[in-house]
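Read through the structure below, which is laid out as C-alpha cells, and then see the notes.
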Amino acid sequence: MGISHINISRGNIIDRLPDWFSNSFSNVEVLDISGPLPLNLGAPRIEYLILRSNNFTGQIPVSLCEFDELYILDLSNNNFEGELPKCFKMEHLSFLLLSKNSLSGKILPSLQSCTSITFLDLSWNRFSGKLPMWISNLVRLRFLKLSYNKFDGHIPTNITDLSHLYHLNLAANSLSGVIPWQLSNLEAMTKGKSMLRKLPNNYSRGVDRYLSRFKHMVGELSVTTKRQDLKYQGFALLGIVTIDLSSNYLTESLDLSENKLSGEIPSSISKLTYLSTLDLSYNNLIGRIPSGGQLDTLYNNNPSMYDGNAGLCGDILKKKCPGNDASNYYGSYKDHYELLYLCFGLVIGFVLGLWVVFLTLLFKKSWRIAYFRLFDKHHPSSHSLPKHTVNQHLTLQLINHLAMLMRHPTIAAAAAAASFLLLMIAADGQAATPSPPAAIGNYCKPRERDALLAFKEGVTDDPAGLLASWRRGGGQLQEDCCQWRGVRCSNRTGHVVKLCLRNDHAGTALAGEIGQSLISLEHLKYLDLSMNNLAGSTGHVPEFLGSFRSLRYLNLSGIVFFGMVPPQLGNLSNLRYLDLSGIRLSGMVPFLYISDGSWLAHLSNLQYLNLDGVNLSTVLDWPNILNMIPSLKNVSLSSCSLQSANQSLPELNFRKLEMLDLSNNDFNHPAESSWIWNLTSLKYLNLSSSSLYGDIPQALGNMLSLQVLDFSFDDHKDSMGMSVSKNGNMGTMTANLKNLCNLEVLDLDCRLEYGNIMDIFQRLPQCSPSKLKEVHLAGNNLTGMLPNWIGRLTSLVTLDLFNNSITGQVPSEIGMLTNLRNLYLHFNNMNGTITEKHFAHLTSLKSIYFCYNHLKIVMDPQWLPPFKLEKAYFASITMGPSFPRWLQSQVDIVALAMNDAGINDTFPDWFSITFSKAKLLEFPGNQISGGLPTNMENMSLEKLYLKSNQIAGLIPRMPRNLTILDLSNNSLSGPLPLNIGSPKLAELNLLSNRITGNVPQSICELQNLHGLDLSNNLLHGEFPQCSGMSMMSFFRLSNNSFSGNFPSFLQGWTELSFLDLSWNKFSGNLPTWIGNFSKLEILRLKHNMFSGNIPASITKLGNLSHLDLASNSISGPLPQYLANLTGMVPKQYYTNEHEERLSGCDYKSLVTMKGLELEYDEENVTVVTIDLSSNLLTGTQLGTLYDQNHHLYDGNDGLCGPPLPKSCYKSDASEQGHLMRSKQGFDIGPFSIGVVMGFMAGLWIVFYALLFRKSWRVAYFCLLDKVYDEVCVIAVVGWERLTGRTDPRLLMSHVAWSSIDSDESYE
C-alpha cells in the first residue's frame, strides 16, 4: 500500500497490532499510537515513533535499535525504567525525548554515535553519574535538558563547545564545582539569530484546522524558568526547522539552579548578550556578582536568579562584599582561574630565572669571578651584625622590592604571600603563643557545643538563617547551645538529646554535608535533618550515624543520597522511627539501595519505617525481615522495585501493623496469592499500580479495621483534572465488603476489567451509620444503573464514576447526600432529567461534572440551590432554551462550561455580577442572541469562549485580566472598540462576524498579542502601523476589504508563522524583505491586486510549507532556486513546534487546489502547496507536478512546452534552455576557483621542483627536447612521403643539429 502515515491515537483499541501490519504497510514513515494501544510494531520503516503519555512499563526494548532510519523518538511521560539499550547508535536520530520516566544508569557512550541529535531531553528521570566529556561531540545540539536527575560531579568545560546550543537546563541535579568560565563560547547565546520561537501553550483549542494536523507529531515540552515548568505542546516535524519558546522569554536560557556549584560567577557569563533567562539560584556560589548591562537586565526580570547563594555579594544585591579587594587574597582576581595562571607563571619564571643565571655563569670563568666579587663586596658589612639582624635586614630589603611589585595588580597576591613566607623565615622558628581557652558556658557541654559548631562549618548555605543563633562569643547565654534553634538538651544532665533541623519551606533548605563531628553527641535521641540538601560531596548516607546508640528517631527523608544504605544503621537497637524516603516527585527519587536487608531485623523496637524510593530489588525476603520486627505499626515501601508479595509466611508476627504502602512496585502475580490479606490489623492499605492482578480476593472482607483501600491502577489526569488511566489486568469485583464498617476511602480507579455498578454498590459496607466518604470507580467499563438506595451513603464526600458505560437515570436519592462535595459522572451513557430533587440536600456540593451524557436539566425558575458551586461542567447537557436562572446564586463559580447546552436566549442582566470570580467561561455551540453582557470590565475572567452563537451588537469593554477571547462565528457588528480594556490579551478571534469600519490604532497597544484573526468581516482601509507587536505569530485578515500596499510594519514581526491577507484589496509590489520571515510556514496572499515580480528573497523562507499567491497581477519569471524552500522538501532533519493558535477556535483553513477552495481539517490536510495560478508569469513550465494536477499552469498564457500542447519557438527554447543550464544546472563559481587553484598548484610545484638542482633542470629539458625531436622527425618524414621528397640526408641533418643545439644550451 502507499500509506506513509498512520494515526490511530485515541481509538480505544485494546488489541495487538496484527501480524500482517508490517507487510501491508511497509512504507509507513510515521506511526503515532499515543492512545491506549499495546506496542507491537513489527518491522516497518519507521522514521517518527511517538509513544508519549501512555503507560508503557519495563525497559526500552533492544529491538528498537533495528530502526536505522529513526529520526524522532518520543517515549516521554511513560513508566519506562532501567538503562537505555547499549545499541543506541541511530545516526539519523535528531530528536530523543525520554523525559518523565524512571530510566536510570549513566548516559551511554553509544549516544555519541547519534551525531544528528539536535534535541535531547532526559529530564525527570533517574540518570546518574558524571556528565560525559564526549557530549561536546554532539555538535548539532540546540536543546539540552538534563534537569531533575541525579548527575553529579563538575559541569564539563567542553560543553561550551556546543556553539549551536540555545537552551541548557541542568537544574535540580547534584552537580558541584565551579561554573565554566568559557560560557561565552556558547555562540548561539551571543547572537540574535535564534532557532527557538514562541508558541504559547494557550493555543490549545483553535488554529486553522490546517495546522492542527501537526499537533500529534511530538508531545509535551517543558522548559524551566523562574523555578516553574512551562509546558509547550505539539511541535511538528514535517520539514520545519525551528522550535519557538520565546513567548515566555526562553529563546536563549541557562538554568543551573538547585545544584551544588561553588566558587565565583565567571565574568565571561556577561558576554552571553542574548541570554534571556539565567537562573543560578540555590547553589553554593560565593564572591562578587559580575556587573554588566545584560546581567542587570536579567536581574530586573528575575530578582530570584541569585537566591539561595548566601556567599554572593555586590551592588545589585545591595549587599556589600566584605573586606578590601586589595587585601583579600582572592579579591584581586576576577575569578579563580587568574590565580591558577599566576601560580603557573611563577613556576615557569622561577625555573627560567634559575637556569638563566646558572647557564650565564657556566660559559665564562671571568663572569663567575665578577659575580662572586659582587657578592663579597656586600658580605663584610654583615659580619659586624648579629645573625638575626642580618636576616631581618635582608628580609626588609626583599619586602621593599616586593612592595614595588605590588603596584602591579596581577601579582599583588603573590607579593603578599612571598612577604609572609619571608617573615616566617625571619622569625627563626618561633612558635606562636597559644590563645587562651574560650569561656565555657555553664549550661552547655563544651564538647557538644564544639561538635555543633563544627557541623555548622560543614553547612555551606543557610538561606533561612536557621543556624544564625549558633555562634561562639557574645555572652554566656548566646554560647549555651541548649538555647540554639533546633537544639534541645536534657533538663537533668544538660546533654544534647534532640536536633531538629527539618526544612518545611521551598527555598530554605540547608546545603552542605552532615559533619562527622556530630558523633560527639553521644546522648542524642532525636535527629531530624529531613528535606535539606545535606548529601555532601560523596552523596552517601554517613556510616557514623550507626554510632548513636541512644537514637530513637532518625529522619533523613528528602535528602538526595546515593549508593548503599550503610548496614551500620542496624546498630541502632533503640530506634523507633526510621525515614530514608526520597522526594515524592517524578524523576527525583534517590538512588539509594539496600543489597542485604538483614540488618533491618536488628531494629527490634522499630515502629515506623519509610523507605519510599529505596531500591530493594535484591532483597527478595523482605517480608520475612519485616516479620522479625513485631513492633512495626507503619511501613511504607512505595516505588522500591519489589518483585513479589507472595512469599510464604507461616506465622505473621507484625500484628500491630496499621499502615502499609506497597504502591508502584512490580509484583506481577495474582493478588489472591499474597499474604497481605491476612494483615487484619491494617487501617491503611495502598496497593496502587502494584501490578497485582486477578479478582479482588474474598479475604479483603475480613480486614475489619481497614479505613483506606487504594487499589487503583494509575493517576494520569485529563484536561479537567480527572483520572483517565487505562485498565489494569484485573477481573471483577467479587469481594464482599459489607462488614468493613470502618472503611472511609475506596479507590479502584482503572482496576476492574468490567462489572455492574449495581452489583458493586451492593458489595459496599452496609453499616449504619455509613463511614464511607470517598468512592472512586473511574475507568472500569462499568455498566448498569445506579441504585436508588445510594442515599444511604450519608457520609459520602466524593463520588467518582467518570469514564464508564453506566446507563439509566441519575437516581433522585442522590440528593440526600448532605456531605457530598464532588460529583463526577461525566463520560457515561446516562439519560433522563435532572430536577430540583436531585440537589435537594446537597448543601456541601462544590464540583459537579455531568458533561457528555444524555441528560437534561430542568429546574423551576424560582428554585434556589442549597449549594455554592466552584466548578461546573455541563457540556452537551441540555439546559435550555432559557438561560438557567438558578445559576444566578452561584457567585463562587471559578469554571463553568455549557458547550452545546441548547441555550436559545440572551445573556441575563446578572451575568457580570454573578460570575465576577470566574476565571473560565465556555458557552460555544449555543444560540445565544442579543448583545454581550454589560459591565464585564469588573470581572476576573481570564478565558472567555463564546464562539458559534448568534451574539450581535458592539463589542463592549472586556475584563482587564482577559488573555483569551473567542467571539468567532457570531453576528457582531459595528466598528471595533477604541479600547477593548484587556491589555494582557494574547489571543483574539473575531472570525466570521459583521464588524465594519477601520481597525483602530489602539489595537497596537496589545503588546502581548500572539494570535489575531479578523477574517471574514467587513473591515476596510489600511491596517494601523503596529510595529511594536513583535510577539505576533498568527495573523489573519482574509475576506475583508483592506487596502494599501503590503503592510510595512510586518517587517518587525519576525515571529510570524502564519500570515493570511487573501481576499482583500492590497496592491503594490511584494517587498524584498519578505524573505526575512524565517519562521513563516503558511503565506496566503491570493485574490488581491499585488503586481510586479515575485521577490527572489521569498526563496529564503526555509520553513514555508504553503504558499498561495494566486489571482493577483504578479508578472515576470518565477524565482530561481525554489529548491531553497526546504520546508517543502519531504525529508528534513529539523523541527518546528506547532500549536493550535486560538483556544476554542474550530474554524477551517481554505487551501486552493485545482481551482477549487477545499476546506481542510485535521483529517484532511495538504502539507506542501504552491499556488501561483491566475497571474501573468512567463517562462518554461516546471513539469514536476503536472501528472497530479493538470490545472497546475492554468491562467499563464506565456507558458509553453510539454506537457502543455503549446510549443515554444526554437530560438526561445534554446535560449531559455541555455539560461537554465548556466544558472541552475551548472554552478560556475566553485568550478572557476578550482581551475585557478589547480593551475597555480601544478605550475608552482614544477617550478619549485626544478629550482633546487641544476641536474634536474637539465634532465627535464633534455626530455622535452627528445620528445620534440621525435615529433619533428615524424612530421618531416610524413610530409616528405606525402610530397614524394624523401632525402635521408636532410632528415639526419635536422636531427643532428637539434641534438647539438640542445646540449650546448644546457651547458
Side-chain angles (χ1 to χ4, degrees), residues 150 152 173-176 258-260 262 282-284 308 310 447-470 481 484-488 495-504 508-572 574-575 577-583 588 590-594 599 610-611 613-614:
K150 303 300 175 187
D152 56 9
N173 281 282
S174 297
L175 298 173
S176 59
E258 295 184 66
N259 280 287
K260 302 176 183 177
S262 58
Y282 299 97
N283 282 283
N284 302 323
R447 185 166 181 261
E448 296 180 352
R449 180 190 59 212
D450 294 342
L452 291 174
L453 290 174
F455 169 81
K456 180 182 178 180
E457 291 179 0
V459 175
T460 58
D461 190 17
D462 182 9
L466 184 62
L467 307 182
S469 62
W470 294 26
C481 64
W484 292 350
R485 185 176 177 182
V487 180
R488 179 181 173 184
H495 289 292
V496 175
V497 295
K498 181 176 180 180
L499 182 58
C500 183
L501 300 177
R502 177 180 174 85
N503 168 50
D504 290 319
T508 61
L510 296 175
E513 63 180 3
I514 304 175
Q516 195 167 356
S517 61
L518 290 182
I519 200 172
S520 298
L521 306 180
E522 299 175 356
H523 302 274
L524 195 65
K525 296 181 180 180
Y526 187 107
L527 179 59
D528 188 350
L529 303 176
S530 58
M531 307 307 294
N532 284 293
N533 188 13
L534 295 174
S537 58
T538 64
H540 296 157
V541 179
E543 296 181 358
F544 71 84
L545 293 178
S547 302
F548 294 108
R549 300 288 183 175
S550 302
L551 202 63
R552 296 183 179 182
Y553 184 103
L554 178 59
N555 189 347
L556 302 179
S557 62
I559 303 179
V560 187
F561 286 120
F562 298 87
M564 184 176 69
V565 178
Q568 288 82 352
L569 296 183
N571 298 330
L572 306 176
N574 292 313
L575 202 63
Y577 186 106
L578 177 59
D579 191 345
L580 301 177
S581 60
I583 299 176
M588 290 290 290
F591 277 117
L592 280 177
Y593 69 90
I594 296 176
W599 59 267
N610 191 337
L611 298 178
V614 179

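By convention here, the first residue in the shown sequence is residue 1.
- A distance-only check finds no donor-acceptor pair linking the side chain of Asn173 to the backbone of Leu175 [under 3.5 Å].
- The ring-ring contact (aromatic ring centres under 6.0 Å, His included) test applied to Trp470 returns Trp484, not counting sequence neighbours.
- Using a 4.5 Å cut-off on side-chain heavy atoms (C-beta onward), Val487 and Leu499 make contact.
- Shown here are the side chain to side chain donor-acceptor pair (under 3.5 Å) partners of Asp579, two or more places apart in sequence or in another chain: Ser581.
- The side-chain contact (heavy atoms from CB on, under 4.5 Å) test applied to His495 returns Lys445, Glu448, Thr493, His523, not counting sequence neighbours.
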Leu521 and Leu527: CA distance, side-chain angles, deciding distance, side chain to side chain contact (heavy atoms under 4.5 Å, CB included) verdict: CA-CA 11 Å; Leu521 306 180; Leu527 179 59; over 6 Å; no
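- Counting only heavy atoms from C-beta outward, the side chains of Arg485 and Leu467 never approach each other to under 4.5 Å.
- Here the shortest heavy-atom pairing between Ser174 and Phe562 reads OG-CE1, 3.7 Å.
- Listed by chain and number, the residues in a ring-ring contact (aromatic ring centres under 6.0 Å, His included) with Tyr593 amount to none (sequence neighbours excluded).
- In this view, Ser520 satisfies the side chain to side chain donor-acceptor pair (under 3.5 Å) rule with no residue, not counting sequence neighbours.
- With a 4.5 Å cut-off on side-chain heavy atoms, Phe455 and Leu501 count as touching.
- Atom CH2 of Trp599 and atom CD1 of Ile594 lie 4.5 Å apart (nearest 0.5 Å).
- Contact annotation: the side chain of Leu524 never approaches that of Leu518 to less than 4.5 Å [non-hydrogen atoms, C-beta and beyond].
- Taking the ring-ring contact (aromatic ring centres under 6.0 Å, His included) definition, one finds that Tyr526 meets it with Tyr553, sequence neighbours left out.
- Summarising the geometry of Pro566 relative to Val541, their closest heavy-atom pair is CD-CB, 3.5 Å, with the distance given to 0.1 Å.
- The side-chain heavy atoms of Cys481 and Val496, taken from C-beta on, include a pair separated by under 4.5 Å.
- Legend: residues meeting side-chain contact (heavy atoms from CB on, under 4.5 Å) with Arg488, ordered by chain and number and at least two apart, are Lys498.
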Side chain to side chain contact (heavy atoms under 4.5 Å, CB included) between Leu569 and Leu580, intermediate numbers included: CA-CA 11 Å; Leu569 296 183; Leu580 301 177; 4.2 Å; yes
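- Every residue two or more places apart in sequence or in another chain that forms a side chain to side chain donor-acceptor pair (under 3.5 Å) with Arg502 is listed here: Asp504, Ser530.
- Counting only residues at least two apart or on different chains, the side-chain hydrogen bond (donor to acceptor under 3.5 Å, both in side chains) pairs with a member in residues 451-461 are Asn284-Thr460.
- Under the 4.5 Å side-chain criterion, counting only non-hydrogen atoms from C-beta, Leu572 is not in contact with Leu545.
- The stretch residues 515-543 participates, sequence neighbours left out, in these salt bridge (Lys or Arg N to Asp or Glu O under 4.0 Å) pairs: Arg447-Glu522.
- Contact check for Pro542 versus Phe561: side-chain heavy atoms found under the 4.5 Å cut-off.
- Applying the side-chain contact (heavy atoms from CB on, under 4.5 Å) criterion to Asn532, with sequence neighbours excluded, gives Asn503, Ala509, Leu510, Leu534.
- With sequence neighbours excluded, no residue forms a side chain to side chain donor-acceptor pair (under 3.5 Å) with Asn574.
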